[in-house]
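This is the structure I want to talk about, given as structure tokens.
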Number of protein chains: 2
Amino acid sequence: MTELEKQTEEKIFEAATDVFIEKGMDGARMQEIADRAGINKALLHYYYRSKEKLFDAVFTIIAKQMLKRFAPVFDENLTLEEKIRFYYQQQTDFMKRSPRLPLFILNEVSRNPQRVKNVLKHLDHTNLLKILEEQHGDEFARYKINRETLPQIMTSIAAMSIFPFVAKPIIEAIFEKFGTNFNEYIERRVDFATAFTYNAIKSREK
Amino acid sequence: MTELEKQTEEKIFEAATDVFIEKGMDGARMQEIADRAGINKALLHYYYRSKEKLFDAVFTIIAKQMLKRFAPVFDENLTLEEKIRFYYQQQTDFMKRSPRLPLFILNEVSRNPQRVKNVLKHLDHTNLLKILEEQHGDEFARYKINRETLPQIMTSIAAMSIFPFVAKPIIEAIFEKFGTNFNEYIERRVDFATAFTYNAIKSREK
DNA sequence: AAACGGTTTAACCATATGGTAAAATTTTAA
DNA sequence: TTAAAATTTTACCATATGGTTAAACCGTTT
């Protein structure tokens with residue numbers, strides 16, 4: 001029973017995750033979630049009182065999973081270059097497995113910006129900044145990285161890793177014309193992005 | 001009459017554009033489009049037989065507008081660095097005015113990848129490659145840009161310019177914690193991205 | 001002015017959707 | 001074993017939605 005309960009709740013959650021990621025909040029249908037979970041609609045509402053609640057549960061978990069990917073960047077004992085590679089590697093691996101996930105998150109966050117604040121609530125920014133500056137103070141100085149350029153660099157790194165998956169259908173369609181293969185492109189992406197990013201940063205040294 | 005017709009059709013089109021961009025295909029309601037256009041639902045179906053048809057009309061126009069932004073990169077008589085700056089400038093200006101547009105396109109294309117092929121149908125890729133290689137053959141050689149690295153570079157440039165707007169709510173929420181202002185960040189984005197990109201490319205020179 | 005063609009409206013319709021009530025079934029505790 | 005508690009199902013409801021029909025309106029032509 002507790003076992004079965006977990007099975008049922010788990011099944012519902014997995015089905016809901018799939019459907020929400022695939023169709024978004026608006027496009028998802030409670031009936032479809034129920035069907036995929038192998039139960040009926042009323043049971044869905046028994047476990048999660050409303051579509052909104054179910055969505056919130058799914059979204060929160062997924063967003064946190066995604067956020068976790070960024071954590072090692074702060075506590076690993078690596079050089080800046082190694083850290084950049086590590087981030088690209090982690091992020092790319094993750095998105096190869098769940099390619100629709102980033103667009104889903106961007107989309108739902110954009111439709112309800114409040115959501116992101118809930119997920120970030122427990123993020124300690126003062127601590128993160130301190131860690132980064134302690135670990136890489138010398139490199140920051142050498143490459144003139146400060147509180148103005150750091151956001152530019154970090155969003156650029158995020159962009160370079162996430163965007164290809166978000167724009168996959170467009171990129172694939174263009175590549176098709178030019179005879180390029182998307183999977184090969186992705187395979188080389190980590191190496192390219194690491195070199196590209198680190199070279200760009202290094203060249204800030206006067 | 002023909003005048004009024006155009007006015008009405010125009011009003012419908014503008015209202016539909018706003019609603020679709022704001023809510024997406026699934027979230028948009030025909031009633032809301034009618035309300036915003038100041039007409040009723042039946043008139044909507046008189047001009048555009050179905051929601052699908054209306055959406056297609058809106059999407060096609062918008063996607064083509066977006067695509068046009070890329071054109072000057074190929075026929076302007078500029079150096080590679082100038083071209084990069086020019087692209088970032090154009091794209092950023094455009095998205096400052098229509099910040100929801102890129103996410104809308106990415107989203108709908110992802111839900112129906114066929115759409116992108118329709119828009120790209122008349123794109124002459126052989127010609128584009130030729131132009132680029134003629135105009136920048138020397139720079140391509142110097143910086144070791146070939147048919148394998150060119151896609152990496154171009155998607156990186158697109159990513160760096162588009163991603164900040166697509167992820168705006170997330171970036172804003174994080175910036176808020178760190179005391180950074182999104183608009184100031186965007187103001188500096190063109191300069192930063194141009195330097196970042198061109199430095200990364202230049203450093204490919206051995 | 002009457003007929004005509006395009007335009008607009010009000011009133012509908014069928015269906016899909018999120019959600020609920022209450023009965024039936026199963027599980028747990030006594 | 002039996003009563004209670006939890007779980008699952010059947011049958012429903014109210015509302016929203018995309019779409020249609022038929023009549024009214026209005027400017028143009030004859």
Taking only the side-chain nitrogens and oxygens of A:Tyr47, find out if one of them lies under 4.0 Å from OP1 or OP2 of D:dT7.
no
Give the rounded distance in Å between these two atoms: NZ of B:Lys53 and P of D:dG18.
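Distance check: B:Lys53 NZ to D:dG18 P gives 16 Å.
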Going by atom type alone, with no hydrogens or angles, which donor-acceptor pairs under 3.5 Å involve a side-chain atom of residues 13-23 of chain A and a protein atom two or more places apart or on another chain?
from, atom 1, to, atom 2, distance (Å)
A:Thr17, OG1, A:Phe13, O, 2.7
A:Glu22, OE2, A:Arg36, NH2, 3.3
A:Lys23, NZ, A:Glu32, OE1, 2.9
A:Lys23, NZ, A:Glu32, OE2, 3.4

Check: residues 158-166 of chain B side-chain donor-acceptor pairs under 3.5 Å, at least two apart:
from, atom 1, to, atom 2, distance (Å)
B:Ser161, OG, B:Tyr87, OH, 3.3
B:Ser161, OG, B:Ala158, O, 3.1

What is the distance, to the nearest angstrom, from the CD atom on A:Glu32 to the P atom on C:dA16?
14 Å
Tell me the interatomic distance from A:Lys11, atom NZ, to D:dT7, atom P, rounded to whole angstroms.
14 Å
Kindly say whether the aromatic ring centers of A:Tyr185 and A:Phe182 come within a distance under 6.0 Å.
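Yes.
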Quickly work out the A:Tyr48 OH to C:dG18 P distance and round it to whole Å.
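One finds 17 Å between P of C:dG18 and OH of A:Tyr48, rounded.
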Taking only N and O in the side chain of B:Thr8, is any of them less than 4.0 Å away from OP1 or OP2 of C:dT7?
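So the side chain of B:Thr8 is outside the cut-off, no N or O lying under 4.0 Å from OP1 or OP2 of C:dT7.
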Could A:Lys83 and A:Glu139 be called an ion pair, given the rule that one side-chain N must be under 4.0 Å from one carboxylate O?
no
At what distance, to the nearest 0.5 angstrom, does OH of B:Tyr198 lie from OG1 of B:Thr194?
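Answer for the OH-OG1 pair, B:Tyr198 versus B:Thr194, is 11.5 Å.
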Distance-minimising heavy-atom pair for B:Ser110 and A:Arg100
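Reported closest heavy-atom pair: OG-NH2, 3.6 Å.
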Take the protein atom OH of A:Tyr46 and the nucleotide atom C1' of D:dA5, then report the distance between them rounded to whole Å.
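Spelled out: OH on A:Tyr46 to C1' on D:dA5 is 9 Å.
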Mind calculating the distance between CD (B:Gln31) and C1' (C:dA10) to the nearest angstrom?
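Going from CD in B:Gln31 over to C1' in C:dA10 covers 12 Å.
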Does B:Arg115 count as lying over the ring of B:Phe59, i.e. NZ or CZ under 6.0 Å from the six-ring centre, within 45 degrees of the axis?
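Judged by the rule, B:Arg115 and B:Phe59 form a cation-pi pair.
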With heavy atoms under 4.0 Å as the rule, sort B:Ala34 into base, sugar-phosphate or nothing.
nothing
What is the distance, rounded to the nearest whole Å, between atom CD1 of B:Ile33 and atom C1' of D:dT17?
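Rounded to whole Å, this separation is 12 Å.
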Specify the separation, in whole Å, of atom CG of A:Asp26 and atom C1' of C:dG18.
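For the pair A:Asp26 CG and C:dG18 C1', the rounded distance is 13 Å.
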B:Arg29 side-chain N/O to D:dG18 phosphate OP1/OP2 under 4.0 Å:
yes
Output one line per pair: protein atom, nucleotide atom from nucleotides 19-21 of chain C, and distance, for all N/O pairs under 3.5 Å.
from, atom 1, to, atom 2, distance (Å)
C:dG19, OP2, A:His45, NE2, 3.2
C:dG19, OP2, A:Lys51, N, 2.8
C:dG19, N7, A:Lys41, NZ, 3.4
C:dG19, O6, A:Lys41, NZ, 2.9

